[in-house]
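Heads up, the thing below is written out as structure tokens.
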There are 2 protein chains.
Amino acid sequence: LIKLTGVSKVYGSESNPVYALRDVTVEIFKGEYLSLMGPSGSGKSTLFNMIGGLDRCTAGTVEIGGVNLGRLNDAEMAYFRGRHIGYIFQAYNLIPSYTAIKNVALPALFAGAPPKEAEARAVAVLEKVGLGHRLTHRPQELSGGQQQRVAIARALVNNPTIILGDEPTGNLDLKTGEEIIELLARFCKEFGTTIVTATHDHKMLKTSDRIVWIKDGAVDRVEETHTL
Amino acid sequence: LIKLTGVSKVYGSESNPVYALRDVTVEIFKGEYLSLMGPSGSGKSTLFNMIGGLDRCTAGTVEIGGVNLGRLNDAEMAYFRGRHIGYIFQAYNLIPSYTAIKNVALPALFAGAPPKEAEARAVAVLEKVGLGHRLTHRPQELSGGQQQRVAIARALVNNPTIILGDEPTGNLDLKTGEEIIELLARFCKEFGTTIVTATHDHKMLKTSDRIVWIKDGAVDRVEETHTL
Ligand SMILES: Nc1ncnc2c1ncn2[C@@H]1O[C@H](COP(=O)(O)OP(=O)(O)OP(=O)(O)O)[C@@H](O)[C@H]1O
Ligand SMILES: Nc1ncnc2c1ncn2[C@@H]1O[C@H](COP(=O)(O)OP(=O)(O)OP(=O)(O)O)[C@@H](O)[C@H]1O
Ligand SMILES: [Mg+2]
Ligand SMILES: [Mg+2]
């Protein structure tokens, strides 16, 4: 479903380049649960920005369902992302002036759902992540892990084809983290959602079908989890 | 050194109160390494805001070194905090327009160090957290875990009496997380720094002298770690 070929990303200037991704080639299959793991600064979020079309490669191609993302203009990319991808950002990126409900309902509204239905779906998924008692709180009235769960709920509300989760359990305690991993696994099994997470959380290991280990911007190795 | 007596914090409105902290009484001794653990939303960050004087209790008192924080006005509190406390925020709170060096040097400049010395000390501690190769990057040019480490370095640069770390390893891989925990433990042993961390990271358990477990805004139990 997702195909990266020779993907490279260079930041910085001519005189001081940062090779964030170096010639990454990897294929992610429809319906699989794949985890990206590796040291801080190794390129996981950068790779996510390429897959989610939030940034463009310096070289190489990213294809999703046969569509070459590099061929889409910004408007087409935004539309494509809205229709197919649920993105959980490492820094959550919630709208500060919106309540939890409004933040989560937004993607549903963008996808064309009428306001009442969008809100009902937002409530349902917020309850699934344990925030049924915080629906009307704004981000600054929520704990770190609660903000993270609002970001997770927002990514799930449209039941998208692909969920990209950048460190989705980073600020969650053991029990809540396991509940979220369990929830993602259920989306994968029941709806055939393709789940890609960048994570430092080793609890993610037994739920993943495969693990791609990243080091210094390059793929270090790929593990099938039944061999672990 | 730090004494909380009957600390309570209520958010929200009269009609819809949120009891974030309920009658918390706990003492933290000079030079100890204490970890605060508990579910997402249980009150850890709120408790930190009370200890660090970033917010005021609804009831109860917070004393540091015999000083009742509630008696200080905002200016006195800011001065007190700048002199004695290094604070690692759950959301980092870095200055976006400043480089890593400038972000970390800021507390040193506020404490009266001349610019050259402040910069030299900032570089030294940034190298200690593994960011010697990212000194001139601004926050948006850094990975999540790198931003977290800049926040950590900034809390350490003045070698303060107390370090308050709110989820200091939340976005770090296993190895980097262990290095940071090791670094904090060294500050504790070598300089007698009092370290208080709010954390979900069970790697923190063996380094801590005591663990305070929080649940629904109240102290659930206190554990001495050699009994674990
Ligand atoms: N400004 C506010 N208004 C209303 N409720 C608030 C406000 N700030 C925090 N809360 C609530 O207070 C409770 C405690 O929040 P706190 O941030 O201390 O939790 P925490 O233990 O740090 O959680 P986490 O592990 O997720 O970071 C949460 O349930 C949160 O929703
Ligand atoms: N805009 C930028 N300019 C320069 N360098 C950058 C920029 N953005 C990221 N980098 C660098 O690219 C590298 C990869 O960053 P990335 O955010 O992908 O890491 P990561 O694997 O997600 O790390 P973490 O686990 O800490 O979140 C890092 O070393 C970072 O410093
Ligand atoms: Mg990242
Ligand atoms: Mg918190």
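Values below: all heavy atoms of this structure, side chains included; hydrogens, waters and symmetry mates excluded. Per chain, numbering begins at 1; letters A, B, ... match sequence-line order.
- Only the side chain of A/His202 comes within contact range of chain B, with heavy atoms under 4.5 Å apart.
- By the salt bridge (charged side-chain N to carboxylate O under 4.0 Å, His left out) test, A/Asp55 is found to be paired with A/Lys9, residues two or more places apart in sequence or in another chain being considered.
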Inset, instruction - Any chance you could lay out the side chain to side chain contact (heavy atoms under 4.5 Å, CB included) test for B/Arg134 and A/Val18, step after step, and finish with the verdict? - result: CA-CA 10 Å; B/Arg134 288 286 181 270; A/Val18 176; 3.5 Å; yes
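- Heavy-atom distances place no part of B/His133 under 4.5 Å from chain A, backbone and side chain included.
- Atom NZ of B/Lys203 has more than 12 neighbouring heavy atoms from other residues, nucleotides or ligands inside a 6.0 Å radius.
- Counting heavy-atom neighbours within 6.0 Å of A/Tyr98 OH, excluding the residue itself, gives a total of 12 or less.
- Interface check for chain B: of the options A/Leu174, A/Thr176, A/Asp201, the most heavy-atom pairs under 4.5 Å are formed by A/Leu174.
- Proximity to chain B among residues 141-153 of chain A is limited to A/Ser143, A/Gly144, A/Gly145, A/Gln146, A/Arg149, judged by heavy-atom separations below 4.5 angstrom.
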Inset, instruction - Carefully, step by step, assess A/Met37 and B/Asp173 under the rule side chain to side chain contact (heavy atoms under 4.5 Å, CB included). - result: CA-CA 8 Å; A/Met37 292 186 126; B/Asp173 55 281; over 6 Å; no
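- When each of A/Ala20, A/Gly38, A/Ser40 is scored by its heavy-atom pairs under 4.5 Å with chain B, the top score falls to A/Ser40.
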